[in-house]
Number of protein chains: 2
Amino acid sequence: MTARKKSAAATQGQAGHADLVREAGKKYASSVDVARMAGVSQSAVSRTFSGGAKVSEVTRQKVLDAAKRLDYRPSLIPRIMLTHKSNLVAIVVGGLYNPFYTTVLDEFTVRFQAAGQQVLIVHAESDHALDDVIPKLASYRVDAIVSALAVLSPQAADALARLRIPVISFNTAIQNDWVTSVSCDNVEAGRTIADLFVARGARSFGFITGPAGSRANIDRRKGFEGRLAELGARPPAVEPGDYRYEGGFAAALRMFSGRQRPEALFCANDLLAIGAIDALRQSLGLRVPEDVLIAGFDDIPAASWASIGLTTFLHDAAGMVDKAVAVVTAATAGGAPVAAPMIVSAPLIERATTRRR
Amino acid sequence: MTARKKSAAATQGQAGHADLVREAGKKYASSVDVARMAGVSQSAVSRTFSGGAKVSEVTRQKVLDAAKRLDYRPSLIPRIMLTHKSNLVAIVVGGLYNPFYTTVLDEFTVRFQAAGQQVLIVHAESDHALDDVIPKLASYRVDAIVSALAVLSPQAADALARLRIPVISFNTAIQNDWVTSVSCDNVEAGRTIADLFVARGARSFGFITGPAGSRANIDRRKGFEGRLAELGARPPAVEPGDYRYEGGFAAALRMFSGRQRPEALFCANDLLAIGAIDALRQSLGLRVPEDVLIAGFDDIPAASWASIGLTTFLHDAAGMVDKAVAVVTAATAGGAPVAAPMIVSAPLIERATTRRR
DNA sequence: TTGTATGCGTTATCAA
DNA sequence: TTGATAACGCATACAA
């Protein structure tokens, strides 16, 4: 007999207790139901399931028995009301087209689950769309919010800060009493790649950008241009991109179709770089790295594919998530707020696209 | 004056109502707090925020005023207790290395958010690990669970069904009162690619598999082998893979290093196919499609990159999520359970890897 | 229209 | 060890 059929039977008065319990549109048995069936008090049931408390073996067995028959699972919802803690953390993402965010999300889920938190994923096309979502998050009383948005305006950050919940913001310059910024060392990466390009003999340079508002993009460019200037090199040609393959492809076509052909190209992320490589090789008949050196940022899986072999920087999702977990657990434990922005390093990973024999 | 400083001041007795409210470790003001400040009853506050009810304009203003000063946001938690509905849906994923799952997750989040549900993401390495997670989901009283696990054992499905919650399982053969299966037409895709390979003149064939327990993998292979047999072609050589780039690379090396060299290779998904292409081109010096025709499944973004141009099948994440949303909303509305497995089509997308001039 | 009282399913406190 | 009782924050039936 299936569950549904049994439910139907229940309305005809033939069912056992297990079914009567669910008459009123209830899906779950409550501790009261279990108590009634076991012939004990509701508190006894609660104690049986809340670990540390003392219950006699007899009572325990009676309760466990009834619970099993009723498929009882304690609800965490009332606990939230009592403790003002939901054990829910939200992560805000703005589209997962970039494999780096996938990695972040994966690490995030695993680490926070291990820390006993459940993860709410929230999609916000832009930081503007955040306004619609924030009230809902507040309504669910999430313990913390992590923003993985590439672009986060001060206004949106303010709105988040008003919630009086710990907020961790990835690759953003914002920092205040409630918002902690966790970034990787974007500036340093820009400097490092400038050094590498020059060491490899490049004399002219190009940079394909990410979205204008992206802090990571700005910092990578700043480091790159700054170091080039220090080295006395010519400033790079710059073409706007958008962190996507197609953007890199199009930007590279624009940059290399004139008579100015940079000998080395730094892209704000790996997807852009891969798009650029394809544009150069497939559409323009240029060779990488023989004609043009190329580097990206993120070390997405495709960067290490044999056909690509992209020189890039490790975007340490695990490290950044670790920081986020630390901030949240500290805040949850009532500790002091984290005052300073946190920065994880982004080591260079050199592969074929910058190697000339 | 920052929020934190104000709180500190509050303990010194200098603060306004807004801060006193939060003394007891409370993060949020409650409707009672608002009522007190506004000089009205708690029900008045509730009515003001629950839309449909009648409240006089004067009261409304007083309430809204106090609410603003207290930063009041109604909690949804008590509502869950009253209605037995959390508006929470969970999606179970087993690692996001496969870009297809990324797409699924993205579509999922957007669609369910639009439907007024919040999305809980749960990571389960294997279907075995599900056992640890299921109780937690039950504790949060999720309205439905969607499993995007490539492999879902009948045991795990049983455990899910015991929750008496609607469960939607992607690409799985399981179907019962509580579990609805949503798949794409994997068998048909296998048949289609067999036809295409033969039409393109291939005489010998290969297949690189996904994980053994994956229903999608089994069905794609079945369709492929079945149709080849019908066409009187030789059965394909088969090498085990795992849905990953590295697996495809290694499997292709094994398959093509002997003297048996299939003229056409079908891979259980795109990542495998891309790995195989790289192995053939970079390591074995074979040409694709001139020497070997290759096709995959999923149509991940990389499949359409200029350097790859992979013939594949559209794995319609949006379509599958649509079905899931439909099932959940139907079940939530108390409708009849969905009895039959749902299947979405997977149209062929032909690109360079199967085109010979 | 407004306020009072009750219940939702837990945990924690207290008395027995 | 056990059971009765009071919260938690909201919605709702009912009384005023």
Side-chain angles (χ1 to χ4, degrees), chain A residues 21-63 66-67 70-87 135-136 138-142, chain B residues 21-63 66-67 70-87 135-136 138-142:
Chain A
V21 152
R22 299 203 183 74
E23 288 309 317
K26 289 172 56 174
K27 281 186 176 162
Y28 294 89
S30 73
S31 55
V32 174
D33 298 321
V34 176
R36 190 159 39 212
M37 173 174 266
V40 298
S41 75
Q42 181 270 332
S43 336
V45 178
S46 175
R47 278 192 280 260
T48 305
F49 282 92
S50 53
K54 315 136 218 277
V55 193
S56 74
E57 194 48 36
V58 212
T59 319
R60 235 180 73 82
Q61 272 314 323
K62 282 195 289 189
V63 169
L70 289 174
D71 248 325
Y72 170 67
R73 324 227 173 210
S75 169
L76 277 177
I77 306 300
R79 189 206 215 7
I80 300 178
M81 288 180 36
L82 294 176
T83 63
H84 302 286
K85 279 195 46 188
S86 62
N87 278 22
K136 288 213 174 149
S139 301
Y140 277 97
R141 299 300 192 243
V142 296
Chain B
V21 151
R22 297 200 186 79
E23 287 309 314
K26 288 172 56 174
K27 284 187 174 162
Y28 294 89
S30 73
S31 57
V32 174
D33 299 321
V34 176
R36 191 161 37 211
M37 172 174 267
V40 299
S41 73
Q42 180 268 328
S43 13
V45 177
S46 174
R47 279 191 280 258
T48 305
F49 283 93
S50 52
K54 317 132 218 276
V55 193
S56 75
E57 194 49 33
V58 212
T59 318
R60 235 180 73 84
Q61 272 314 322
K62 283 194 288 187
V63 169
L70 290 173
D71 247 325
Y72 171 67
R73 325 229 172 207
S75 169
L76 277 176
I77 306 300
R79 191 202 209 16
I80 299 178
M81 288 179 34
L82 295 175
T83 62
H84 302 286
K85 277 194 47 188
S86 62
N87 276 22
K136 288 211 174 150
S139 300
Y140 278 95
R141 301 298 193 243
V142 297

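Naming convention: chains lettered A, B, ... in sequence-line order (proteins, then strands); numbering from 1 in each chain.
- For A:K136, the side chain to side chain contact (heavy atoms under 4.5 Å, CB included) criterion is met by B:Q118, not counting sequence neighbours.
- Taking atom CE of residue A:M81 and atom P of nucleotide D:dA6, one finds them 16 Å apart after rounding to whole Å.
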Could you write out DNA chain D as a dot-bracket string, with dots for unpaired bases, | for bases paired across to another strand, and Watson-Crick or G-U pairs counted at under 3.5 Å? ||||||||||||||.|

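- Rounded to whole angstrom, the span from the CZ atom of A:R79 across to the C1' atom of C:dT10 amounts to 9 Å.
- In terms of phosphate contacts, B:R141 brings a side-chain nitrogen or oxygen within less than 4.0 Å of OP1 or OP2 of C:dT10.
- Contact annotation for A:L82: base contact, defined as any heavy-atom pair under 4.0 Å involving a base atom.
- Listed by chain and number, the residues in a ring-ring contact (aromatic ring centres under 6.0 Å, His included) with A:Y140 amount to none (sequence neighbours excluded).
- Distance NZ (A:K85) to P (C:dT11): 15 Å, rounded to an integer number of Å.
- Taking atom CG of B:L70 as the reference point, atom C1' of D:dG9 lies 15 Å away to the nearest angstrom.
- Remark: C1' of C:dG9 and CZ of A:R73 are 17 Å apart, rounded to the nearest angstrom.
- In this structure, the side chains of B:S30 and B:Y28 stay at 4.5 Å or more apart for every pair of heavy atoms.
- A:S46 comes within 4.0 angstrom of a nucleotide base, judged by non-hydrogen atoms across all strands.
- Counting to the nearest Å, the C1' atom of C:dG9 and the OH atom of B:Y140 are 15 Å from each other.
- Two residues are said to be in side-chain contact when any heavy atoms from C-beta on lie closer than 4.5 Å; B:L76 and B:N87 fail this criterion.
- B:Y72 is not listed as a side-chain neighbour of B:V63, based on a closest heavy-atom distance of 4.5 Å or more.
- Taking atom CD1 of residue B:I77 and atom P of nucleotide C:dT11, one finds them 15 Å apart after rounding to whole Å.
- Contacts classified as side chain to side chain donor-acceptor pair (under 3.5 Å) and involving residues 39-55 of chain A (residues at least two apart or in different chains) are given here: A:S31-A:Q42.
- Comparing atom distances between the A:H84 side chain and each of C:dT11, C:dG9, D:dC8 picks out D:dC8 as nearest.
- Checked against side chain to side chain donor-acceptor pair (under 3.5 Å), A:T59 has the following partners two or more places apart in sequence or in another chain: A:S56.
- Residues passing the side chain to side chain contact (heavy atoms under 4.5 Å, CB included) test with B:R73 are A:A138, A:R141, A:L163, B:D71, sequence neighbours excluded.
- Side chains of B:R79 and B:L82 form no contact here, defined as non-hydrogen atoms less than 4.5 Å apart.
- Taking side-chain N and O atoms only, A:Y72 has a distance below 4.0 Å to OP1 or OP2 of C:dT10.
- Atoms OH (A:Y28) and C1' (C:dT10) sit 16 Å apart, rounded to a whole Å.
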Pairs under 3.5 angstrom, nitrogen or oxygen only, protein versus nucleotides 2-6 of chain C, please.
{"unit_1": "C:dT2", "atom_1": "OP1", "unit_2": "B:S56", "atom_2": "OG", "d": "2.4"}
{"unit_1": "C:dT2", "atom_1": "OP1", "unit_2": "B:T59", "atom_2": "OG1", "d": "2.1"}
{"unit_1": "C:dT2", "atom_1": "OP2", "unit_2": "B:S56", "atom_2": "N", "d": "2.8"}
{"unit_1": "C:dT2", "atom_1": "OP2", "unit_2": "B:S56", "atom_2": "OG", "d": "3.4"}
{"unit_1": "C:dT2", "atom_1": "OP2", "unit_2": "B:T59", "atom_2": "OG1", "d": "3.2"}
{"unit_1": "C:dG3", "atom_1": "OP2", "unit_2": "B:S41", "atom_2": "N", "d": "3.2"}
{"unit_1": "C:dG3", "atom_1": "OP2", "unit_2": "B:S41", "atom_2": "OG", "d": "3.2"}
{"unit_1": "C:dG3", "atom_1": "N7", "unit_2": "B:R47", "atom_2": "NH2", "d": "2.6"}
{"unit_1": "C:dG3", "atom_1": "O6", "unit_2": "B:R47", "atom_2": "NH1", "d": "3.2"}
{"unit_1": "C:dT4", "atom_1": "O4", "unit_2": "B:S43", "atom_2": "OG", "d": "3.0"}

